[in-house]
K.L.:
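Below is one structure. I have some questions about it.
Below, read A as the first sequence line, B as the second, and so on, with proteins coming before strands; counting in each chain starts at 1.
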Amino acid sequence: MRLAEIKETESALLVKLLCEIDHHTAKSIREEVDKRLEDVKPRELILDFSGVPFMDSSGLGLIIGRAGKAEAQGAFVTVEGLSESQRKLIRMSGIERLGTVIIK
Amino acid sequence: MRSIINEMKLRLPAISVNEGVARSAISAFVAELDPTVEELGDIRLAVSEAVTNAIVHAYRDLPRGEVGNVYISVRLYDTREVSVEISDNGCGIENVEEAMRPAFTTGEGTERSGMGFLVMESFTDTLSVKSKLGRGTTVLMRKYLKSLPEGEE
Ligand SMILES: Nc1ncnc2c1ncn2[C@@H]1O[C@H](COP(=O)(O)OP(=O)(O)O)[C@@H](O)[C@H]1O
Ligand SMILES: [Mg+2]
């Protein structure tokens, strides 16, 4: 199963997530993304959720964790392609108030 | 008086692949009541949180190689109520009130958000958590599905 498609653009590392995100899948996604993040050292990490049919609070942990990693490298995180229910989850979590994650 | 129209009991080993298995099983089972996409999504989400907690937290003190169980019991009522009980025989929770506070987590680092109980609470109609140290935890959630449009009963 393909978990994510990762592409480098001029200024960003673009991660299109392609699976249900729970604690089970989050572990492999995290490892894959963090490795590329360290290799590429982009200015921006874009997490595209448009290919994610389901996510639970493990997805929130995934975003918060990547935001921390990115910040330590002087990068910021943009989250895009959210469904209505994913947006509701994110609003509940207060991620927007962290200041290091841009929710599109 | 409401009466039960169907009932399902599952026992799954507490391994992470069963988070998705639990979601699929409950989706198939609840389909009989014709829930809306949103209602089904809410139930899948709440179940995912409770089952994940049993898998991640309940058996964290077990010796390597030993695997605990997660028990899932679902009931459908003629009143269109869905009740889901998820339990484990794990370590239990010392202070349930504290554990249920948003952002509280005993998980390491930032990978667990501490939002699981808040999600269960927000996406179902009632939530109750009972836990005994060293004995285990039981989470009971109820969801009341909207009635079907006239003529589709
Ligand atoms: N079944 C369980 N057994 C033992 N501890 C649990 C269980 N469920 C939840 N907990 C405790 O409650 C805390 C909060 O749970 P939750 O809100 O789902 O956040 P998270 O799973 O992200 O830590 C957990 O960190 C854990 O300490
Ligand atoms: Mg949890």
K.L.:
As an exercise, state the distance from CZ of A:Arg30 to CD of B:Glu111, rounded to the nearest 0.5 Å.
P.N.:
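Atom-to-atom, A:Arg30:CZ and B:Glu111:CD are 4.5 Å apart.
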K.L.:
Let me know which of A:Leu62, A:Leu89, A:Leu60, A:Ile63 forms a side-chain contact (heavy atoms from CB on, under 4.5 Å) with B:Ser113.
P.N.:
A:Leu60
K.L.:
Verify, without hydrogens or angle tests, whether B:Glu49 (side chain) and A:Ser57 (backbone) share a donor-acceptor contact under 3.5 angstrom.
P.N.:
yes
K.L.:
How about B:Glu98: does its CD atom have over 12 heavy atoms from other parts shown lying under 6.0 Å from it?
P.N.:
yes
K.L.:
Apply side-chain contact (heavy atoms from CB on, under 4.5 Å) to the pair A:Asp22 and B:Arg23, showing each step before the final yes or no.
P.N.:
CA-CA 11 Å; A:Asp22 57 17; B:Arg23 292 196 298 274; 3.0 Å; yes
K.L.:
If Ile, Leu, Val, Met, Phe, Trp and Tyr residues are connected whenever their side-chain heavy atoms lie under 4.5 Å apart, and connections chain through other members, are B:Val139 and B:Tyr59 in the same group?
P.N.:
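Hydrophobic grouping puts B:Val139 apart from B:Tyr59.
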K.L.:
I'd like to know whether NZ of A:Lys41 has more than 12 heavy-atom contacts from other residues, nucleotides or ligands below 6.0 angstrom.
P.N.:
yes
K.L.:
Among A:Gly94, A:Ala67, A:Gly59, A:Ser93, single out the residue with the greatest number of heavy-atom pairs under 4.5 Å to chain B.
P.N.:
A:Ser93
K.L.:
If you round to the nearest 0.5 Å, how far is CG of B:Leu118 from CE of A:Met92?
P.N.:
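The distance works out to 3.5 Å.
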K.L.:
Looking at every heavy atom in both B:Val17 and A:His24, which two are closest together, and how far apart are they?
P.N.:
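Minimum heavy-atom separation between B:Val17 and A:His24: N-ND1, 3.4 Å.
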K.L.:
Treat each ILVMFWY residue as a node, draw an edge where side-chain heavy atoms are under 4.5 Å apart, and state whether A:Val15 and A:Val101 are in one component.
P.N.:
yes
K.L.:
Would the number of heavy atoms belonging to other residues, nucleotides or ligands and lying under 6.0 Å from CD of B:Glu38 be above 12?
P.N.:
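Not buried by this count: 12 neighbours or fewer within 6.0 Å.
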K.L.:
Grouping I, L, V, M, F, W and Y whenever their side-chain heavy atoms are under 4.5 Å apart, do B:Met8 and B:Val84 come out in a common cluster?
P.N.:
yes
K.L.:
Atom NZ of A:Lys88 and atom OG of B:Ser122: how far apart are they, to the nearest 0.5 Å?
P.N.:
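It is 7.0 Å, given to the nearest 0.5 Å.
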K.L.:
Can you say whether B:Ser48 sits under 4.5 Å from chain A via the side chain, the backbone, both, or neither, judging by heavy atoms?
P.N.:
both
K.L.:
Using the rule that two of Ile, Leu, Val, Met, Phe, Trp, Tyr join whenever any of their side-chain heavy atoms come within less than 4.5 Å, decide whether B:Met120 and B:Met100 are in one cluster.
P.N.:
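Yes, B:Met120 and B:Met100 fall within the same hydrophobic cluster.
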K.L.:
Looking at A:Ser58 and B:Arg112, what are the two nearest heavy atoms and their distance?
P.N.:
OG-NH2, 3.7 Å
K.L.:
Quick check on the hydrophobic clustering: are A:Ile21 and A:Ile103 connected, directly or via other members, by side-chain heavy-atom contacts under 4.5 Å?
P.N.:
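Yes, same cluster.
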K.L.:
Under the criterion salt bridge (charged side-chain N to carboxylate O under 4.0 Å, His left out), I'd like the reasoning laid out for A:Asp56 against B:Arg44: C-alpha separation, chi angles, the key distance, then a yes or no.
P.N.:
CA-CA 9 Å; A:Asp56 64 17; B:Arg44 284 166 59 84; over 6 Å; no
